[in-house]
Structure formats: structure tokens, C-alpha cells
Amino acid sequence: MIENKSNSILIFVLFCFAFLTQVHSQNTNSEIKELEEVVIKDLSEKRAKKEASLNTETVNSTFIQRNLGGSLMQSLQRIPGVKTISIGSGGSKPLIRGLSFNQVIVVENGIKHEGQQWGADHGLEIDQYAVNRVEIIKGPSSFIYGSDAIGGAVNIKPVPFPKKNTMGGNVDFTAKSNNEQIGSSLNLFGRNENWFFDTRITSQDYGDYRVPADKVQVYNYTVPLYKNHLRNTAGRELDLHASTGFVGEKFKSVLYFSNIHTKSGFFANAHGLEPRNVNLELHDKSSRDILMPFQEVNHTKISNTTSFEIGNHQLQTQLGFQKNFRREWSHYVNHGYMPPIYPADMYAPQDLERQYDKDVFSVSVKDEFSVDRHQFTVGLNGEKQQNEINGWSFLIPAFNQLNTGLYAYDKIQLNDLWILHGAVRMDYGQIEMKQYTDWFKSDVTQNGQTTQEYLKRSEDLNKTFKSFTWSAGINYNPGKFSFKANAGTSFRMPIAKELASNGVNYHYFRFEKGNPNLNAERSYQLDLGIDWQKSKWSVQLSPFFNYFPNFIYLNPTSQHDIYYGAGNQVFEYQQSKVMRYGSELQIHYRFLKNLSGEILAEYLYSEQLSGSKKGYTLPFSPPASVLFGINNNPEIKNLRETYFSLDYRFTAQQNQIVPPEKKTESSHVFNLALGTKLQAGKQDFAVSLQVQNLFNTKYLNHTSFYRLIELPEMGRNIILSVKVPFLIHQ
């Protein structure tokens with residue numbers, strides 16, 4: 001209680017000081033200020049947003065630095081409609097309007113990012129220090145990107161080319177108190193008239209993160225936490241980036257390379273092993289070591305983007321290769337009929353639980369041209385995947401997958417007020433899954449006789465999918481008011497896990513069984529956007545409606561597994577009709593020249609209209625929430641772009657669940673941020689400080705990976721970030 005009161009007094013004093021500084025600055029400093037470049041860029045982005053048919057949000061590296069989280073998606077959670085499924089402090093995947101996994105895609109430098117995104121524990125292999133600008137499309141966008149974009153897209157734009165005849169870079173330093181993280185990133189770039197290079201190396205090292213609790217319940221077993229640490233959630237990350245190319249007036253060609261390597265532990269009491277069997281003395285010995293169970297992921301990406309102009313046509317080609325190599329390590333545990341002693345001649349190491357090795361080749365061609373008031377875009381793309389498996393545990397089979405698509409889009413500028421949009425797309429997909437048979441024998445009883453057999457877990461299976469989708473939109477922009485509407489269809493191919501999984505998911509202590517008879521998901525959607533700006537006010541409302549005639553979901557059954565998981569409940573993939581609707585609301589008001597406030601709210605409702613879970617919502621459905629923020633940008637001598645901000649987020653309780661999900665209570669969380677730019681020679685370096693979960697509040701996040709075991713979110717976290725640019729030659 002005393003600590004909370006002192007924290008409240010500290011925040012009150014800080015903001016009183018910021019407010020008085022602002023008022024004093026307005027009373028004593030009346031000279032005209034130059035319009036800075038960032039404002040011009042913001043206006044350009046607002047104009048592009050008004051002309052887009054889909055609801056989009058665009059943020060830059062400054063936004064990411066001010067809201068720095070453990071991963072890129074955690075840093076973007078302040079945007080209404082955007083949440084994450086997080087595992088630990090360093091890994092997460094996007095959740096847009098309640099949809100995630102293979103229903104939301106991530107695009108980096110024009111190439112669709114392909115990892116093992118089907119798992120809740122599979123984080124996004126993206127270095128947020130290498131991100132300059134991110135565009136988030138909230139809502140179905142299959143006509144642009146094809147399958148898997150049925151729920152939205154996160155488009156990471158390429159880093160801008162360096163200016164001519166320059167050489168320089170920047171250094172980022174980050175420190176976080178909660179998990180004692182130390183991170184740094186070094187960028188070096190250069191360019192003459194036409195040729196350039198841009199490189200970056202990022203390193204992060206963090207320990208077990210802490211929660212405001214000294215014990216947690218893991219499936220009705222009380223687990224004590226040593227010094228509030230979640231044992232074995234430490235991690236390491238090393239990222240390499242390089243790009244080079246030729247930049248001319250009508251011809252550009254860029255080669256991109258990146259390699260992301262991460263190693264992170266799983267909370268030892270919640271992965272496969274019985275919670276009571278964890279060696280607490282060993283796992284609590286150090287908060288920075290990584291013991292079993294843990295995961296290692298290495299993601300390599302190589303791509304080329306070439307664009308050139310021929311008359312009225314702007315042509316672009318993209319070639320890409322990705323290799324995602326993921327391994328999960330855990331002590332061998334003999335479940336069911338697995339032998340008590342691991343065979344010495346096995347094809348997989350004894351501690352290698354699972355391994356996935358995916359190669360992805362992609363190609364796309366696009367042509368943009370104008371005819372009168374029409375701006376046409378036509379293109380085709382293709383992708384081939386090959387995913388091999390290894391390890392002593394089985395969940396999904398090895399598979400090969402092929403996707404191709406052809407699309408056409410027309411943007412019609414009727415006049416200064418009205419814009420029409422129309423798009424059509426045709427897709428073809430094929431997935432071929434390989435047979436898998438157990439490496440050990442199980443007892444099979446038929447007609448009273450028991451024999452030992454190698455059970456077949458996955459059959460050879462070949463599935464083909466075809467789809468036609470369309471989209472139509474309209475924009476109306478009369479002055480300070482703007483309106484947009486978009487209607488269309490989207491689709492998504494079922495993935496290998498949904499079609500042919502047949503094993504224990506030890507992360508959830510459940511047996512998952514695929515359904516080879518699944519059809520492709522199809523969605524019908526209507527998105528609206530209303531924006532009004534006048535003097536000190538800015539209001540934006542984004543309602544949407546979504547209908548799935550055949551949504552794919554994982555349904556719990558009354559069966560229990562007797563072969564592989566010591567009696568885990570069996571879950572089977574099924575399809576049902578689903579209705580979804582909701583909205584995001586953003587209100588900004590400027591009280592004084594440099595003092596403003598904002599309200600960011602979101603609401604989502606989902607309901608299954610058929611099937612065994614009729615009347616229920618969908619898994620990982622985020623509850624309604626509202627964020628109240630106040631921002632002060634005082635003018636202080638020798639400082640630039642100084643800011644103080646305080647956010648209060650109220651998250652409503654979530655009572656609409658799908659068993660075995662649990663209801664989640666409401667929460668109240670405060671975040672503080674402040675920062676500025678200081679001049680050193682001719683360069684400005686940026687300093688920012690955040691205090692996340694300011695009052696060390698104990699609360700649960702309904703969309704967290706660890707929600708099922710009642711694990712609270714990270715406690716108070718103080719984050720210091722410093723960005724130092726430098727010029728070697730200009």
C-alpha cells in the first residue's frame with residue numbers, strides 16, 4: 001500500500017512539472033517555430049490512409065522506440081485492434097481483431113514471412129530494431145496477399161535508401177529491469193550516386209522474467225516461484241541483416257539478407273513434464289541460464305526486389321528464399337507404450353522432442369499503370385514450401401505445399417471527393433502430407449486378442465484447393481470528414497496441423513487430432529471507416545462485420561488419449577458457421593499547444609452459429625478495452641521532441657470463453673513514458689524511458705499463451721532506450 005501511494009505521488013509530481021513547464025513555455029516563448037519534417041510525413045500518411053479502401057494503421061521506428069516491448073508485436077499493442085499471443089518476455093505472434101496463427105500474415109520487405117506460425121508458442125522471427133515503418137491492415141486482405149490473410153496483415157516496409165554520397169549509421173542500447181535484459185543494435189550504411197549498402201547486427205540477452213506473485217497454479221498443482229521469477233524463461237537473440245543494391249531514376253534492384261537466431265526457455269513447470277517433477281534447485285540456481293525444456297530457432301531469409309519503369313508501366317519482381325529451422329528440446333519421458341529406456345540406435349537425439357525444417361521459395365510479378373482516371377495493378381505470385389520433421393515426439397507430418405495466385409486491382413479517382421476500388425483474385429493451392437508411423441510398438445486389442453503393432457499416425461494425403469475472391473470499396477473525402485467502406489470475400493487453405501495432426505501438444509497437455517475432410521475457410525466481410533478532424537479534435541471509428549460459413553476450430557471431445565499422453569483430453573478440428581463484429585474508436589483532443597489527450601477503445605464479439613460449440617465465442621477472443629492517454633510535449637532549451645505521457649488501460653472481464661479456456665477478470669494497468677532528443681555536434685541522439693505496469697499490478701491477459709495456467713503478466717518493467725546516430729561522411 002505504501003509503495004503504491006509513493007508511486008502515485010511520484011507520477012503526480014512528474015506530470016505537474018511537465019504541465020507547468022508547458023504553460024511557462026507558452027507564456028514566455030512566442031517566436032514562430034519551423035514546421036518539422038515529421039509533421040509533413042504524418043500528413044502524407046494520413047492522406048494515403050484516406051485514399052485506402054481498407055482500415056490501416058501506419059507507425060514508424062519512433063513509435064516502436066517509445067513503446068518498446070520484448071518483441072515487435074508487443075511494441076505494437078497500443079494500436080486498437082492489435083493484440084499478441086505472447087510466450088514469455090521475448091516471443092509473440094500478432095492477433096488482429098481476435099484472429100491469429102495462419103489467419104494473419106506478416107510481410108517483410110515485400111516477402112511473406114513463413115515460419116512455424118501455426119503454434120501458439122511459435123514467436124515471430126523479426127528484429128524490431130531493423131524495422132523502420134509498419135503498416136497494419138485490420139481486416140481481411142486476401143485479394144492482396146492470398147491465403148492466410150483472411151484476418152489481416154502486418155506489412156513491414158523496407159528501410160529507406162541512404163542519401164547520396166553519405167556514410168553513417170546508428171547504435172541502439174536497451175536495458176530492461178524486469179528480466180535484466182541488455183540489448184544493443186549497430187547499424188552501418190553508405191551510398192555513392194547509385195550503389196548502397198545497409199547492415200545491422202542485433203544482440204539481446206535476458207534472464208527469467210518476474211511476475212507479481214510468489215506461486216502459481218499449474219493444473220491444480222501449486223508451484224512456488226523463487227524470488228517471483230518464472231524459472232527457465234531466459235533467452236538469447238543474435239540477428240544479422242544486410243542489404244545492397246542499385247538505385248536509379250527508373251531502375252532499382254535490392255538484395256536483402258537476414259538471419260535471426262533465438263534460444264529461449266519454456267517455463268519449466270508448464271511443458272510436458274509433471275510440474276512436481278521439476279528440479280527446483282537446479283532451475284532456480286541462476287536466473288540467466290537456459291535449461292530444458294527450451295527452443296532454438298534459426299530463420300534465414302534472402303530476397304531480391306527489382307523495379308523499373310517502361311513508359312506508363314511500373315514493373316516489380318520479387319524472388320525470395322526462407323529457411324526456418326526450429327528445434328524443441330526436452331528430457332525424454334515415456335508416455336503410453338513408449339519404451340522406458342530411449343533406444344541407443346534412434347534416428348533422433350534423446351533430448352530432441354521435435355524438429356521442423358521448412359524451406360520456402362517465393363516469386364511475384366506486379367505491374368502498376370494508369371489509364372485516364374484508373375490506376376491498375378495486376379500481378380501474380382507463387383510459393384512452394386517443404387517442411388521436414390524429426391524428434392521422438394510427433395504432432396504434424398512432413399509436407400509439401402504449393403500456392404499460386406493471380407489478381408487485378410483498379411482504383412478509380414472519380415473526382416476530388418470520390419474514389420472507387422475493385423479487385424478480383426484467383427488462387428490455387430495444393431498440400432501433400434507424408435505418412436508417419438510410430439518408432440515403437442503399442443498394444444492393440446481386437447476380438448479379445450492383444451498384439452503389438454507400429455501405429456500409423458499419419459496417412460499419405462493430397463489435397464487441392466481453388467478459390468475466387470473479390471473486393472469492392474469506396475472513399476468519400478469532403479474536407480475534414482472522410483468515409484470509407486469495403487466489402488468482399490477472403491479464403492484460407494487448411495494447414496497441415498488442421499488436416500493431419502495426431503499427437504500430444506505438451507504445451508497445452510492435450511491430444512490434437514486433424515481432420516482430412518476440412519474445406520478451405522471462406523469469409524465475407526464489411527469494413528467501414530469514419531474519420532472527422534476539426535481544429536483540436538480528431539475522431540476515428542472503424543466498425544466491421546465478418547461472417548464465416550466454415551470457420552476451422554479445435555473442438556474438445558469426451559475422448560481421452562491412452563497411447564501417448566497419460567490420458568490427455570482429445571481435441572479434434574471441425575468447422576462451423578461463425579459471426580464476428582466489432583469496432584475500434586480513436587479520439588484525440590489538444591488541450592493546449594503541446595498538451596493533448598486521447599482515448600483508444602476496441603470491442604469484438606464472436607459467436608459460433610453451428611456445430612458442437614454453437615453459441616460459444618472463438619478461442620483467444622480479446623475482451624473489450626479502453627486506453628486513456630495524456631501527452632505533454634514541452635519546449636525545453638537545448639532539447640528537441642521532448643515528451644511525457646501516461647497511459648491507463650482498462651480491460652474488461654472476459655466471460656465469453658470456449659472450454660477449456662477460463663474466464664478472465666478485468667484489469668487496470670498504468671504505463672509511463674518520457675523521452676527527448678539531445679544534440680551532440682551535428683547529430684541528435686534520442687533517449688526514452690518507460691515504466692510498464694507502473695504499480696506492479698497482478699493481472700491476467702486472456703490472449704497470453706500462459707493464461708490457461710493462471711500465470712499473471714509481467715510485473716513492473718523499467719525500460720531505458722538510447723539511439724545514437726552518427727555520420728562518417730557526407
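- Geometrically, Arg66 engages Tyr643 in a cation-pi contact, judged by NZ or CZ lying under 6.0 Å from the ring centre and within 45° of the ring axis.
- With no hydrogens or angles considered, a side-chain donor-acceptor pair links Ser185 and Arg200 at under 3.5 Å.
- No side-chain donor-acceptor contact under 3.5 Å links Lys112 to the backbone of Gly146.
- With Asp205 as the partner, the salt bridge (charged side-chain N to carboxylate O under 4.0 Å, His left out) test is satisfied by one option alone out of Arg288, Lys176, Lys263: Arg288.
- Under the rule for a salt bridge (Lys or Arg N to Asp or Glu O under 4.0 Å), the partners of Arg492 that lie at least two apart in sequence or sit in another chain are Glu498, Glu521.
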Q) Passes side-chain hydrogen bond (donor to acceptor under 3.5 Å, both in side chains), Glu135 versus Thr56? Steps please. A) CA-CA 7 Å; Glu135 179 187 64; Thr56 63; 4.8 Å; no
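- More than 12 heavy-atom neighbours from other residues, nucleotides or ligands sit within 6.0 angstrom of OH on Tyr145.
- The main-chain N or O of Val724 is never found under 3.5 Å from a side-chain atom of Asn170 such that the two would form a donor-acceptor pair.
- Side-chain contact annotation: Thr84 with Gln74, donor-acceptor N/O pair under 3.5 Å absent.
- Between the Glu661 side chain and the Val658 main chain, a donor and an acceptor come within less than 3.5 Å of each other.
- Side-chain atoms of Asp527 do not come within 3.5 Å of backbone N or O of Phe544 as any donor-acceptor pair.
- Between Ile657 and His702, the closest side-chain pair of non-hydrogen atoms falls below 4.5 Å.
- Checked against salt bridge (Lys or Arg N to Asp or Glu O under 4.0 Å), Asp647 has the following partners two or more places apart in sequence or in another chain: Arg78.
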Q. For Tyr589 and Trp537, what are the C-alpha separation, side-chain angles and deciding distance, and is it a ring-ring contact (aromatic ring centres under 6.0 Å, His included)?
A. CA-CA 5 Å; Tyr589 179 73; Trp537 285 93; 4.5 Å; yes
Q. Would Phe483 and Trp532 satisfy ring-ring contact (aromatic ring centres under 6.0 Å, His included), going step by step from the backbone distance to the final call?
A. CA-CA 9 Å; Phe483 171 82; Trp532 175 73; over 10 Å; no
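- Thr703 and Leu95 get closest at one heavy-atom pair: CG2-CD2, 3.4 Å.
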